[in-house]
Amino acid sequence: MKQKQEGVLYLVATPIGNLDDITLRAINTLKEADLITAEDTRHTLKLLNHLEISKPMISYHRHNEEFRCEYLIKELKDGKNIALVSDAGTPGISDPGEEIVKECIKENIRIIPIPGACAMVNALICSGIDTKEFCFYGFLPLNKKNRKEKLEEIKGINKTVILYEAPHKIKNTLEDLKKILDKDREVVLAREITKIHEEFIRGKIDDILEKVNNLRGEMVLIIEGNHKEKENDLCHLTIEEHYKYYEEQGLEKKEIIKKIAKDRNVNKNEIYKLFI
Ligand code: SAM
């Protein structure tokens with residue numbers, strides 16, 4: 001007897017504003033899938049209506065990810081081809097998708113990306129800030145402690161930083177960033193990408209802060225990396241090399257430990273313990 005073939009999970013990117021940004025491949029995949037799983041079925045229905053596609057659809061979002069995963073895997077094993085879409089942009093990027101992908105890998109189920117719009121990529125390429133190396137952080141954590149830790153990390157990073165933020169939180173986030181960034185770092189706020197009010201606000205953190213009152217729409221922040229840190233970066237050295245670097249400058253042990261602790265942003269007692 002011929003063995004039943006397993007289905008494929010398609011991760012289908014959808015527009016982030018302008019409906020013309022749907023790709024031909026995305027349309028065909030949505031048309032040919034046996035089932036569409038969407039972050040918000042009502043939202044995706046509007047897109048499907050626009051594309052004149054009628055398909056069975058079920059939700060897959062943050063709150064049902066776990067048990068929906070089980071069901072979707074079962075359907076895939078039964079040979080159904082499933083298209084996963086989020087509300088906008090690329091699934092799995094600050095959107096549901098990651099968990100089902102992990103499960104499919106465990107179960108040896110094929111996953112195919114259907115590329116398309118992604119807000120962070122489009123904000124970055126128009127920002128004018130270094131695109132060679134970047135760190136995407138998505139949304140900053142809301143939990144105070146985790147947020148503080150993330151901000152500390154961003155402070156030192158020498159690559160371009162990308163953040164997502166909601167309009168009602170942008171002012172607060174920029175104020176938090178102002179506390180940790182040097183005044184001269186370039187920042188770009190990319191707003192309403194691909195939509196009528198698309199806008200790129202460029203400047204230093206203070207300039208951007210001046211302009212965000214009552215600013216609406218979807219937003220991405222692109223922040224220049226900490227190049228000062230890059231120039232003086234001794235953290236790529238091993239702790240012994242770091243020590244030697246200052247020793248060769250004729251510094252005393254106590255002074256060296258203080259400097260290493262400052263460079264590495266750790267408590268000097270931790271460094272001290274390593275050298276006794
Ligand atoms: N998966 C999506 C992607 O590929 O970009 C991101 C989803 S995340 C839940 C939503 C966030 O993406 C928004 O809060 C905003 O920061 C950013 N975003 C989405 N669409 C945007 C747009 N048209 N312009 C600017 N930012 C956008």
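FYI, the numbering just counts along the sequence from 1. Read the numbers this way: they start at 1 and go in the same order the structure lists the ligands and their atoms.
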Report yes if some N/O of [X] lies less than 3.5 Å from some N/O of ligand 1; otherwise report no.
X	result
Y164	yes
A166	no
A190	no
T90	yes
G89	no
P91	no

Next on the checklist: Please classify the M219 to ligand 1 contact at 4.0 Å (heavy-atom distances, strictly less than): side chain, backbone, both or neither.
Outcome noted: backbone

Checklist entry - Which bit of A88 is near ligand 1, meaning a heavy atom under 4.0 Å away: side chain, backbone, both or neither? => result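 It is the backbone that touches ligand 1; the side chain stays farther off.
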
Identity and separation of the nearest protein heavy atom to [atom]:
atom	result
atom 20 (N) of ligand 1	E218 OE2, 3.4 Å
atom 7 (C) of ligand 1	D95 OD2, 3.4 Å
atom 22 (C) of ligand 1	I193 N, 3.6 Å
atom 10 (C) of ligand 1	F139 CZ, 3.9 Å

List every atom of ligand 1 that sits less than 4.0 Å from any heavy atom of [X], numbering the atoms from 1 in the order shown and giving each element.
X	answer
E165	14 (O), 16 (O)
K195	23 (N)
S94	7 (C), 8 (S), 9 (C)
V220	25 (C), 26 (N)
A119	3 (C), 4 (O), 5 (O), 17 (C), 18 (N), 19 (C), 20 (N), 21 (C), 26 (N), 27 (C)

Check whether the side chains of [X] and [Y] place a donor and an acceptor atom closer than 3.5 Å, and report yes or no.
X	Y	result
D263	Y246	yes
S59	R42	no
T194	N122	no
R216	H197	no

Pair [X] + [Y]: basic N to acidic O under 4.0 Å:
X	Y	answer
E218	K195	yes
K132	D130	yes
K148	E152	no
K102	E98	yes

Next on the checklist: To the closest 0.5 Å, what do you measure between OG1 (T14) and CD1 (I22)?
Outcome noted: 6.0 Å

Item to check | Spatial distance of atom OG (S94) from atom CE (M120) [nearest 0.5 Å] | outcome: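 Reported to 0.5 Å precision, the distance equals 8.0 Å.
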
Checklist entry - Hey, does I93 sit under 4.0 Å from ligand 1 if you only count heavy atoms? => result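 Yes, I93 has a heavy atom closer than 4.0 Å to ligand 1.
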
Checklist entry - Hey, mind stepping through H61 and D40 against side-chain contact (heavy atoms from CB on, under 4.5 Å) and telling me if it holds? => result CA-CA 7 Å; H61 47 68; D40 179 343; over 6 Å; no

